[in-house]
Amino acid sequence: MAEEKSAAYAPAEIEPKWQAYWLHNHVFRVRDFDPERPKLYVLDMFPYPSGAGLHVGHPEGYTATDIYCRFKRMRGCNVLHPMGWDAFGLPAEQHAIETGTHPRATTERNIANFRRQIQSFGFSYDWDREINTTDPEYYRWTQWIFIQLFKKGLAYLDEVPVNWCPALGTVLANEEVINGLSERGGHPVVRKPMKQWMLRITDYAERLLADLDGLDWPEGIKEMQRNWIGKSTGAEVDFQVVDCEENIRVYTTRPDTLFGATYMVLSPEHPLLERIASPEQRAAVRNYAQQAAKISDFDRMELNRRKTGVFTGAYAVNPVNRESVPIWTSDYVMMTYGTGAIMAVPGHDERDFEFAQTFGLPVSCIIEPDPGEAARAGVDTAAVLAGEACWSGGGSLINSASEQGLDINGLSVDDAKRRTTCWLEQQGLGQAAVNYKLRDWLFSRQRYWGEPFPVVYFEDGEIDVLDESELPVTLPELADFKPSGTAESPLAKAGDWLSYRDPRTGRVGRRETHTMPQWAGSCWYYLRYLDPRNHDRPWDPEKEKYWMPVDLYVGGAEHAVLHLLYARFWHKVLYDLGLVSTSEPFQKLVNQGMILGVSYRDRQQRLVPNDLVERRDTEFVHRETGEILEEFPAKMSKSLKNVVNPDEIIAKHGADAFRLYEMFMGPLEAVKPWRTKDIEGLTRFLNKVWRMLIGRDGAVSEAVGEAPMNRDQERLLHATIKKVTEDCETLDFNTAISQMMIFVNEFSAAEPRNRSAMEAFIKLLSPFAPHIAEELWQRLGHSQSLAWEAWPEYDEEKIKQEQVEILVQVQGRPKSRMMMPGDADAGQMQELALRNPEVQAAIDGRPVRKVIAVPGRLVNIVAG
RNA sequence: GCGAGAGUGGCGGAACUGGCAGACGCGCUGGAUUUAGGAUCCAGUGGGGUGACCCGUGGGGGUUCGAAUCCCCCCUCUCGUACCA
């Protein structure tokens, strides 16, 4: 490559040059089964290519993994580092509805833009493995996995109350509904029964929970998944309805409180409600159930909402003491958890207590609160005993014995639980039970832009999946993408596409018109990267054995539960089918922290968009009112006009400075505020690096030569190699960069500058700022890319100092600093310290009682 | 309410298994260079006295020769979650 050598650091020239070089020479193409090098699979959460383009949050994680990959390559690893597109999804379809543009066209355009932007950062992806979830060659295998799920009985159709969003014309998963509004668009969501594909993720609840323990994930994320799965242990208990054949089964985590059960509550959707309601109460019960169905989830879940409910007129028998208790219905009991019915223990459950207070139901106390615990909680024990207050803590059981042979008086809560459960089992009245909050995964969407199901509804009523040879089922072309407004998907308008004739049996049927949710494609993409162009199978088993599991997975915490739980579920199913060799897909997970924008608010805490803010001297004022504003970090948003565009930053400062800045801001996992001004510090640093090596004529500076380093320079070089190496290993990039700054500050002031030290430094810098590093490497006379150069080694001996400054304290106060041999032991240090006149003055003749000497650090003398 | 995480200069943040708090960078101050601005370079920069002393890691207690770091209590913020029986 012959070209003009500019004398000044010019990122706009060198960055495109090296990006083109890496891409055209396939520098980062990775080979499978390298026998010489250990494998390393480093994965970024692939983006949804939105029309807005990349935001500054994307490159944060991508830069971190890129540094790690480049570092590991130089350390001799065979690194798999791919990128692709999670490209099905609502926005492209919404755009199609609004403009008539085919979602495919929108998606392709957005992908091209994302690819351009991502490549402008110089990331070392193996672009030969790029994948796209909307490519039929990709989604045929998503459909193939669905067939495996179906055949294993893990996919089923069910009529379930779903979150129906009239504005979007589709149903949404529970996770896509926030406070009764759609996550996208914020439209109201109502409940409506509908036939839906469900995936039996609940079959895997226990394993999804248990296997979290072996994962190197942030504790917080694991905890969120545990909470989401929501395992609890307790008992199921049958209550016989008085004058009726029916039993009502309840689930409780507190079987110890059975003696305190003074009424029961059924969910308004409970199937037995109609049957047990007394004639007098039936109308009221029916009315209440209808009202409850109409109330949106948002209102139903609203905090501190007054409890409502209706008496059914029926009674049930408490199995432990044969007393009859009234049966109520109330929407504070959910049909979707447990059995949809509870025994109410107002004396020892806050919700039941509140309900009992509202409706004047009896409260009976059967646990005497633990005195210490009650005192700490500020609870009046006498009030609890009188049934005037609720106590849900520990204590000992009272009033809990019956003629039926159960006596748990005096027992602790835990012992009483065990004894009662045991008794129930012996009597055939109940048994120990485990419950999970996790529900089956609603897997259908009434949308166009998603994977079609490989499913046919045959005329004879059978519902079956297609043969694998018939894949992919491609999306039909449509003129109109609008949802029908009913539960029907846009695919219901697909004409010929709908009719299906079985090539083997000749049976005819109609294709499934629902499509899969966006999560489907991202549930297995990490496996397709292993073998992205395989036409015969989703991946080669040998390649899977070689590369899996993912060694490092980096992405935003917003996927803490959904994506990561769904992908783990699919992976376990594939594992059970013998299709993958590991039981978990992602061994180590790191969440990059969100990057916040700069925002402003006035004295009344009102937010002021950035285009209304003006800087006057050191203060920020409202452009219109002149009011002084306070600056603070806030999530980037269109409304606050504080979104930073990566293209503009690269154009002005270059990709290397951008990369360095994002890594220098702070720890990867931390939430950090973006301040464009601060990038200048990193630009300055790169300029310094440039001038350290390049003279005014553009050639290598005359100061760079073969003259040996002095002792201090050598120490600094080796200390820098050590620090950068260790920090890259642990992803502590901010401190690695500051060490490199220290190096440059020292060496750029020195002359001559040892050439091999300069070359070692360029290698250290190269994972962080690869463009400038390649350029400098080339100008130093190397013809090959430094991407595959060996990482510099350090020598611990060269870091050691002969003389170190030791702090001498008297009574813990610093009194003197003195040079001592670096290898002096505690005894020598003590001797040297006590000889020091400053120290003697501080001791002031008092007897020395104790001396603490820490080699290499300090001496502390206790006197008097 | 519950669960998780975090509180260090004007700001972003450093500080190994307890061992000189504030590395590195931004900003700011002074100086050099410059017609000016920008860029660059040099010096300074936690607070208070301004001597060699004192105070300082959200607040209060404790352990220790020694605490940002360990223990107890409290406060604040961020994220997640929400009647899960």
Side-chain angles (χ1 to χ4, degrees), chain A residues 8 179 218-224 226-228 230-232 234 250-254 257 265 267 300-305 307 330-334 336-345 348-352 354-355 392 435-439 557-558 560-561 591 593-594 596 598 618 631 633 660-661 664-667 669-685 687-688 691 726 732 734-742 744-745 749 805-815 817 838 841 849-863:
Chain A
N179 290 337
E219 214 32 63
I221 301 291
K222 291 207 254 185
E223 198 54 30
M224 280 165 72
R226 287 189 193 105
N227 292 338
W228 193 266
K231 182 179 183 175
S232 71
V250 303
Y251 172 74
T252 177
T253 55
R254 296 292 304 273
T257 60
V265 185
S267 157
R300 184 159 168 175
M301 294 188 308
E302 202 182 349
L303 191 65
N304 292 334
R305 191 173 145 252
K307 293 235 178 333
S330 169
D331 64 5
Y332 85 91
V333 174
M334 308 290 147
T336 44
Y337 184 77
T339 62
I342 62 159
M343 64 175 203
V345 184
H348 305 288
D349 182 288
E350 297 286 352
R351 298 153 301 181
D352 298 343
E354 206 182 303
F355 190 82
S392 54
N435 237 302
Y436 300 91
K437 282 199 273 185
L438 183 71
R439 317 214 180 123
E558 66 273 19
V561 178
N591 290 123
M594 198 190 313
L596 303 176
V598 184
T618 54
E631 196 184 52
L660 280 169
Y661 170 59
F664 189 65
M665 288 170 89
E669 300 89 337
V671 175
K672 304 163 282 269
W674 174 281
R675 291 174 163 279
T676 300
K677 179 86 184 148
D678 288 3
I679 297 177
E680 288 172 20
L682 286 303
T683 303
R684 250 169 245 167
F685 167 66
N687 266 312
K688 258 187 206 175
R691 284 194 312 274
E726 290 174 352
D732 292 313
N734 54 335
T735 46
I737 293 167
S738 62
Q739 181 66 37
M740 289 192 281
M741 287 172 166
I742 294 168
V744 172
N745 287 344
E805 191 188 76
I806 298 292
L807 173 76
V808 185
Q809 300 178 323
V810 176
Q811 317 291 68
R813 309 258 169 185
K815 290 296 173 191
R817 281 161 239 276
E838 281 179 304
R849 283 212 320 237
K850 190 172 176 183
V851 179
I852 299 100
V854 183
R857 299 224 175 254
L858 56 62
V859 178
N860 188 12
I861 295 159
V862 187

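Chain identifiers are assigned alphabetically (A, B, ...) following the order of the sequence lines, protein sequences preceding nucleic acid strands; residue numbering begins at 1 within each chain. These values consider heavy atoms only, across backbone and side chains, with no hydrogens, waters or symmetry-generated copies. Predicted model, so just to flag it, every value in this text is computed and none were measured.
If you check every strand for non-hydrogen atoms under 4.0 Å, K677(A) touches sugar and phosphate atoms only. Q811(A) comes within contact range of no nucleotide atom at all, as no heavy-atom separation falls under 4.0 Å. Within the nucleic acid shown, N745(A) comes within 4.0 Å of sugar-phosphate atoms alone, with no base atom in reach, counting heavy atoms only. Within 4.0 Å of K222(A), counting heavy atoms only, lies no atom of the nucleic acid at all. N227(A) comes within 4.0 angstrom of sugar-phosphate atoms only, judged by non-hydrogen atoms across all strands, and of no base. Looking at heavy-atom distances under 4.0 Å, Q809(A) makes contact with a base. The residue R684(A) sits close only to the backbone: its heavy atoms come under 4.0 Å of sugar-phosphate atoms, none of a base. Backbone-only contact: S232(A) has heavy atoms under 4.0 Å from sugar-phosphate atoms and none from a base. Nucleic acid contact for I742(A): sugar-phosphate only, since backbone atoms but no base atoms lie under 4.0 Å from a heavy atom of the residue.
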Acceptor/donor pairs from residues 805-815 of chain A side chains to any protein atom, 3.5 angstrom cut, sequence neighbours excluded:
| residue | atom | partner | partner atom | Å |
| --- | --- | --- | --- | --- |
| Q811(A) | OE1 | A863(A) | N | 2.8 |
| Q811(A) | NE2 | A863(A) | O | 3.0 |

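With sequence neighbours left out, the salt bridge (charged side-chain N to carboxylate O under 4.0 Å, His left out) criterion links E223(A) to R226(A). For S232(A), the side chain to side chain donor-acceptor pair (under 3.5 Å) partners at least two apart in sequence or on another chain are Y251(A), Y337(A). Under the ring-ring contact (aromatic ring centres under 6.0 Å, His included) criterion, F664(A) pairs with no residue, sequence neighbours left out.
Between N745(A) and K688(A), the side chains place a donor N or O and an acceptor N or O closer than 3.5 Å (distance only, hydrogens not considered).
Between the Y661(A) side chain and the R675(A) main chain, a donor and an acceptor come within less than 3.5 Å of each other.
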Reading nucleotides 6-16 of chain B from 5' to 3' and marking B where a protein heavy atom lies under 4.0 Å of the base, S where only the sugar-phosphate is that close, and - otherwise, the string is -----SBSS-B

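With hydrogens and angles ignored, no donor-acceptor pair closer than 3.5 Å exists between the side chain of Q739(A) and the base of C24(B).
Stem regions for RNA chain B, each three or more consecutive Watson-Crick or G-U pairs with both distances under 3.5 Å and listed by first number, read B:1-7 with B:75-81, B:10-12 with B:24-26, B:27-32 with B:40-45, B:46-48 with B:53-55, B:58-62 with B:70-74.
To the nearest whole angstrom, the two P atoms, one in G7(B) and one in G13(B), are 10 Å apart.
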